[in-house]
Number of protein chains: 2
Amino acid sequence: MTDKEPITMDDIARLARVSKPTVSRALSGSPLVRPETREHVLAVARQYGYAVNRNAQKLRHKRTNTICVSIDYGSFRKNHITDPFIFDLLAGVSEALGELDQDILLCSPKHNGFDFLQQVYLSRGADGFIFLGQGHRENLLQQFSSSTAPFIVWGAKKKNNRYCVVGSDNYRGGMLAGNYLLGKNRRQILFVGDISHPEIGFRRRGLEDSVARCPEPVTVDVLVLNSFSFESALASANHYLSRATGTPDGVFAYSDTAAMAFIYAFQKAGFAVPGDVSVVGYNDLSSAAFFHPAITTIRQDTYLAGELLVKKLMRLVDQKKTVSGFIPTELIVRET
Amino acid sequence: MTDKEPITMDDIARLARVSKPTVSRALSGSPLVRPETREHVLAVARQYGYAVNRNAQKLRHKRTNTICVSIDYGSFRKNHITDPFIFDLLAGVSEALGELDQDILLCSPKHNGFDFLQQVYLSRGADGFIFLGQGHRENLLQQFSSSTAPFIVWGAKKKNNRYCVVGSDNYRGGMLAGNYLLGKNRRQILFVGDISHPEIGFRRRGLEDSVARCPEPVTVDVLVLNSFSFESALASANHYLSRATGTPDGVFAYSDTAAMAFIYAFQKAGFAVPGDVSVVGYNDLSSAAFFHPAITTIRQDTYLAGELLVKKLMRLVDQKKTVSGFIPTELIVRET
DNA sequence: CTGAAAGCGCTTACAG
DNA sequence: CTGAAAGCGCTTACAG
């Protein structure tokens, strides 16, 4: 049981009684071919189920029309996806890339380091890269920025970044959350998240700045979380509640997942949400809407994000200039 | 600002003072090259940052070492991923594919139809296909099975399927759920899900069969859901509660998302979960664990699933026989 | 508008 | 163990 010999352009040329270049032109829609010739060639190609070998095509072209997408698998743990937001983003990016007829090369966890990615570029496996999740991959990204590969990152802009970033307006997200909590008369606010992540640092700063405008005294405490997982957030929450001197009356969590963990912990500890504590999350995961109580959160449109990431990356691939950009953030008020 | 001319194997051959075939052999780890020669070639290649052009490579080889993954975007709605389970699966598949050094070509929603997929295969874009989510794509899959492309599907086996399937043991999952509900002394059970999906049909049958063994009279009602989204599940739940003659005391939902919707609706309608109604979900989404109340559900190991899908697909790619397979299901007892 | 020729960057017999 | 030659399946000047 062997594969039938695949049909080549030569075969189609012979069958259509034209030359190979004519077949090539007809198939690529070149104007340099008579309409009748084109129709005839296309008909023969269709009849024999011919498809241009894309590897030969890519070999001849400089462009591969492939974009490599690297996910921050640091947010993963074996057997457990800890924050699904990154997949919302992937869906947005995949949609935008599809619209431009770009192939998507998805990196697996094993092939997510600098060497492999660099190799993909040098071996003409992709024209450019999209990094979903900055997380703690600063080193990788800095390394990458001294290579010539075009790439763009979902995350936040840092001063020493030499690469372009698309992200939600984290600072404004923080301000929105702060204003919301202040409006609920919350005065002892807890910020939850790893502020060494640039994105999360901005959210915290936005929170602090909104609080600074409040005429009454407000405290902002920061609880650093070192993992993206719910379990770890829950452990931190329990630990915090067990030793906190005063209980916060407002929480701004860096993700909906963390918000859920804190709500859970507060409820178990006998506090009512939102009676005793108001909580604001981030990302507007679909599960945030139907958590009980439904979580007030900051939304960022992942389809817009995908579009912007792709648009900017394609400029870089085309050797044009581009700059970092932001997706607007929006406060979604629900029950907490 | 033009691209530097990329380095080719010819360049490396010249620089290393050997022939091109020797470079090729050294780089591919052929035993037909003296260790010292190999080392020297590798050193030169490394020094000049050379990477073999993978398009040329794929053109020469019959194999592309690329697997195309097609996600059932039917479970999506613009701006809204309605059931994140498919992404758990994607993570599992991506991990397994990475272990075998296979590239992953991810289909975008726009390029997810038969013609495009067929084109990918004929144009040597991929050696095989993994379909994540059978859903209502039966037509596509049947079409595909009469092409020569190797592929495998996450889903359930139907009698008239001519293709291989890997799925959770849905029937057993249904039995587990049924036994759990019966054990809680539930006697009016509602099954929620679109039973025309083969996977979901099996769960229902498992439920029915477990109930049939109960000596006491038990009713099983079926509520068909036509969408995967939470919102639509919630609407159905509310509608059901508003017109149901008797309220069920046990619910088995086809997904955790749907389970959440029903719990939500029940609570709003004044019923206690699990006091008045026991609920079992499916998939064990990470959010199921920290929903309030935490959801009792059926777990399927998505990493195991990825491994099995990939293992079976690779057999097909290698022209070997394979058969459909199952992932064990496990009841995860939580609060509901 | 069409075709003959060259070449993209590899790998694989083949010969030594 | 190594190299000269051919060829994978295309596209792109070039010539007409």
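Quick note on labels: first sequence line is chain A, next is B, and so on, each numbered from 1. Keep in mind the model is a prediction, meaning the values are calculated, not measured.
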Exercise for the section: Ignoring backbone atoms, establish whether B:Thr22 has a side-chain N or O less than 4.0 Å from OP1 or OP2 of D:dT2. Expected result: no

Practice task
Go through the side-chain N and O atoms of B:Ser123 and A:Arg54 and say whether any donor and acceptor fall under 3.5 Å apart.
Solution key: yes

Exercise for the section: Give, ordered by number, those residues of residues 29-44 of chain B having at least one heavy-atom distance below 4.0 Å to an atom of DNA chain C; if nothing qualifies, reply none. Expected result: none

Exercise for the section: If the plane angle is over 60° it's perpendicular, under 30° parallel, otherwise tilted; pick one for A:Phe85 and A:Trp154. Expected result: tilted

Fill in the blank from the handout: CG (A:Leu313) and CD1 (A:Ile67) are apart, to the nearest 0.5 Å, by 4.5 Å

Problem - Rounded distance (nearest 0.5 Å) linking atom OG of B:Ser19 with atom CE of B:Met9 - result: 10.5 Å

Practice task
Classify the side-chain pair A:Arg137/A:Ser70 by whether it contains a donor and acceptor separated by less than 3.5 Å.
Solution key: yes

Exercise for the section: State, to 0.1 Å, how close B:Lys62 and B:Asp127 come at their nearest heavy-atom pair, and which atoms those are. Expected result: O-OD1, 4.3 Å

Exercise for the section: Return the minimal non-hydrogen interatomic distance between A:Lys20 and A:Ala13, and the atom names on each side. Expected result: N-CB, 3.8 Å

Problem - Basic-acidic side-chain contact under 4.0 Å: A:Asp318, A:Arg63 - result: yes

Exercise for the section: Measure from CD1 on B:Ile12 to P on D:dT2 and round the result to the nearest Å. Expected result: 17 Å

Handout entry: Closest approach of A:Asp11 to A:Pro6 (non-hydrogen atoms, all atoms of both residues)
Key = OD2-O, 3.9 Å

Fill in the blank from the handout: A correct 5'-to-3' footprint of nucleotides 6-12 of chain C, with B, S and - meaning base, sugar-phosphate only and no protein heavy atom under 4.0 Å, is -BBBBBB

Handout entry: Parallel, tilted or perpendicular: ring planes of B:Tyr163 versus B:Phe151, cut at 30 and 60 degrees
Key = tilted

Completion exercise
Here the distance between atom P of C:dT2 and atom CG of A:Leu27, to the nearest Å, is 14 Å

Exercise for the section: Determine which bases of DNA chain C form Watson-Crick or G-U wobble pairs with both distances under 3.5 Å, and write the result as a 5' to 3' dot-bracket string with | for other-strand partners. Expected result: |||.||||||||.|||

